[in-house]
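In what follows, chains carry the letters A, B, and so on, assigned in the order in which the sequence lines appear, proteins first and then strands, with residues in each chain numbered from 1.
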Protein chains: 2
Amino acid sequence: MGGEAKPLRADARRNRERILDAAEVIVARDGLSASMRTIAQHAGVGLGTIYRNFPTQEALYAEVIIDRTRRLIAEADASLAADDPGAAFFEYLTRIVVDATQKKTLADVLTQAGIDPKAGTADISRDMRNVIERLLVRAQEAGAVRRDLRMPELLALLAAACMAAERDQWSEELRTRTLAVVFDGLRSQR
Amino acid sequence: MGGEAKPLRADARRNRERILDAAEVIVARDGLSASMRTIAQHAGVGLGTIYRNFPTQEALYAEVIIDRTRRLIAEADASLAADDPGAAFFEYLTRIVVDATQKKTLADVLTQAGIDPKAGTADISRDMRNVIERLLVRAQEAGAVRRDLRMPELLALLAAACMAAERDQWSEELRTRTLAVVFDGLRSQR
DNA sequence: GAACATACGGAACAACTGTTCCGGTTGTCA
DNA sequence: TGACAACCGGAACAGTTGTTCCGTATGTTC
């Protein structure tokens with residue numbers, strides 16, 4: 001791994017942070033269709049400043065998505081130590097859908113679609129899937145989830161819920177009722 | 001209701017059909033982000049010709065979506081006479097998801113989001129929901145679907161599956177496995 | 001505090017988009 | 001067949017977008 005290159009100038013580092021903060025807010029609101037101008041304006045920065053820090057829009061968005069996903073993975077890691085593997089599993093799935101309702105682009109991370117693999121989200125995407133799989137296996141071993149459930153359909157279900165919740169802004173009640181049905185399906189041994 | 005106004009000239013009528021056919025193909029492929037130029041090119045027609053037949057892009061797309069939804073509603077009507085209400089219900093849901101995998105914008109119809117209500121898709125959207133509700137009630141009365149299931153979560157699930165299937169191009173196997181889980185959830189009486 | 005690399009802002013560019021407009025063409029009907 | 005309304009194609013317009021470029025300003029270092 002290469003080092004930090006050269007230390008950024010003070011104002012440059014400050015601006016970089018501002019841009020990332022603004023991008024997080026705007027991308028959460030507008031999704032992948034957020035524009036660079038909007039972000040620049042929200043960050044109180046010129047367009048050129050963004051492009052000196054991030055070579056391209058995709059690189060900036062990838063950074064935002066990676067940051068956010070890292071936090072979700074950390075939460076999952078914590079859940080792995082929970083007493084009740086079944087509850088931990090279902091609670092984590094719910095948490096992800098809640099997050100998707102509030103911020104956008106989460107479904108992309110789960111399926112790694114719609115984003116150029118070169119953008120660097122591939123790695124974090126894999127990590128995310130790995131930690132979900134560990135939660136799943138634990139829940140299955142505890143008998144809380146059907147044994148024949150595999151990752152592809154679990155991810156498909158999760159991505160589907162995230163997309164719908166994100167686009168249609170699921171209310172808490174709708175989310176609860178909808179996920180209840182899905183979770184029953186995940187439990188049902190037949 | 002006003003009549004047909006004046007009969008179109010022969011070439012005008014022919015072009016109108018060409019435009020609708022092309023739009024159906026292109027919208028199925030590119031979704032709501034299909035461009036007017038692409039459609040004009042595919043229809044072998046100038047841009048102005050499209051705008052003489054359809055006042056705006058939204059109006060054209062609404063027409064395409066309405067045509068397509070009408071066909072799906074007709075299929076549902078047929079299913080209402082089926083012997084096994086449960087099977088009819090689940091088969092119809094599957095058919096919708098299959099359709100979504102092949103053509104786009106179906107999820108929009110189900111939730112009526114992302115499209116301006118003025119565009120005229122609101123009516124067909126309501127019809128679609130109505131016919132689904134009748135299939136649901138029959139299936140519930142036959143004991144094939146849990147009694148506490150309501151339309152909001154059913155539509156949310158359906159829209160979610162359509163969106164995911166559409167975006168990620170679910171394979172037949174993935175669709176089968178994923179819907180199996182959802183359907184078990186829809187059945188599970190608890 | 002001077003000198004210089006570094007970083008800044010935003011105008012400018014190129015490539016798209018939906019929509020309008022108009023000179024030329026073509027069906028239609030007497 | 002002639003005359004005219006209806007219709008055609010596509011250039012042109014206005015508004016986006018991502019990205020580049022460069023004259024100016026600023027942090028850093030000696």
What's the [atom1]-[atom2] distance between [X] and [N], to the nearest Å?
{"X": "A:Asp11", "N": "D:dG27", "atom1": "CG", "atom2": "C1'", "value": "6 Å"}
{"X": "A:Ile39", "N": "C:dG10", "atom1": "CD1", "atom2": "C1'", "value": "17 Å"}
{"X": "A:Arg13", "N": "C:dT6", "atom1": "CZ", "atom2": "P", "value": "16 Å"}
{"X": "A:Met36", "N": "D:dT16", "atom1": "CE", "atom2": "C1'", "value": "15 Å"}
{"X": "B:Arg9", "N": "D:dA6", "atom1": "CZ", "atom2": "P", "value": "9 Å"}
{"X": "B:Gln41", "N": "D:dG10", "atom1": "CD", "atom2": "P", "value": "10 Å"}
{"X": "B:Leu32", "N": "C:dT17", "atom1": "CG", "atom2": "P", "value": "15 Å"}
{"X": "A:Arg14", "N": "D:dG27", "atom1": "CZ", "atom2": "P", "value": "7 Å"}

Main chain of A:Ile65, side chain of A:Thr69: is a donor-acceptor contact present, judged purely on distance under 3.5 Å?
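Confirmed, A:Thr69 side chain pairs with A:Ile65 backbone.
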**Report entry** Test item: A:Thr56 side-chain N/O and A:Ala59 main-chain N/O as donor-acceptor pair under 3.5 Å
**Finding:**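 A pair under 3.5 Å: no.
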Could [X] and [Y] be called an ion pair, given the rule that one side-chain N must be under 4.0 Å from one carboxylate O?
{"X": "A:Asp11", "Y": "A:Arg14", "answer": "no"}
{"X": "B:Arg167", "Y": "A:Asp108", "answer": "yes"}
{"X": "B:Arg187", "Y": "A:Asp184", "answer": "no"}
{"X": "B:Asp127", "Y": "B:Arg70", "answer": "no"}
{"X": "A:Asp123", "Y": "A:Arg126", "answer": "yes"}
{"X": "A:Glu75", "Y": "A:Arg95", "answer": "yes"}

- Any residue of residues 48-55 of chain A with a heavy atom less than 4.0 Å from an atom of DNA chain C: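 The answer is A:Gly48, A:Thr49, A:Arg52.
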Problem set entry | Where B:Asp168 and A:Thr111 come nearest, the two heavy atoms and their spacing |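 Heavy atoms of B:Asp168 and A:Thr111 come nearest at OD2-CG2, 3.3 Å.
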Original post:
Quick one: the side chain of A:Arg37 and the base of D:dT16, do they pair up donor-acceptor inside 3.5 Å?
Top reply: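 There is none.
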[X] has a side chain; which of [options] sits nearest to it?
{"X": "B:Gln57", "options": "C:dA5, C:dT19, C:dT28", "value": "C:dT19"}
{"X": "A:Ala10", "options": "C:dG18, C:dT26, D:dG27", "value": "D:dG27"}
{"X": "B:Ala12", "options": "D:dC7, C:dT28, D:dG9", "value": "D:dC7"}
{"X": "A:Leu47", "options": "D:dG27, C:dG10, D:dG18", "value": "C:dG10"}

Angle between the two end axes of the helix from C:dG1-D:dC30 to C:dA30-D:dT1, five base pairs per end, rounded to 10 degrees?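 The helix from C:dG1-D:dC30 to C:dA30-D:dT1 shows an end-to-end axis angle of 0°.
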Can you tell me if B:Thr56 touches the phosphate of C:dT19, counting only side-chain N or O atoms and a distance under 4.0 Å to OP1 or OP2?
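True: B:Thr56 side-chain N/O within range (under 4.0 Å) of C:dT19 OP1/OP2.
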Side-chain N,O (A:Asn15) to OP1/OP2 (C:dC8) below 4.0 Å |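 For C:dC8, OP1/OP2 do have a side-chain N/O of A:Asn15 under 4.0 Å.
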- Evaluation steps, salt bridge (Lys or Arg N to Asp or Glu O under 4.0 Å), between B:Arg29 and B:Glu166: CA-CA 10 Å; B:Arg29 195 190 65 190; B:Glu166 166 182 322; over 6 Å; no
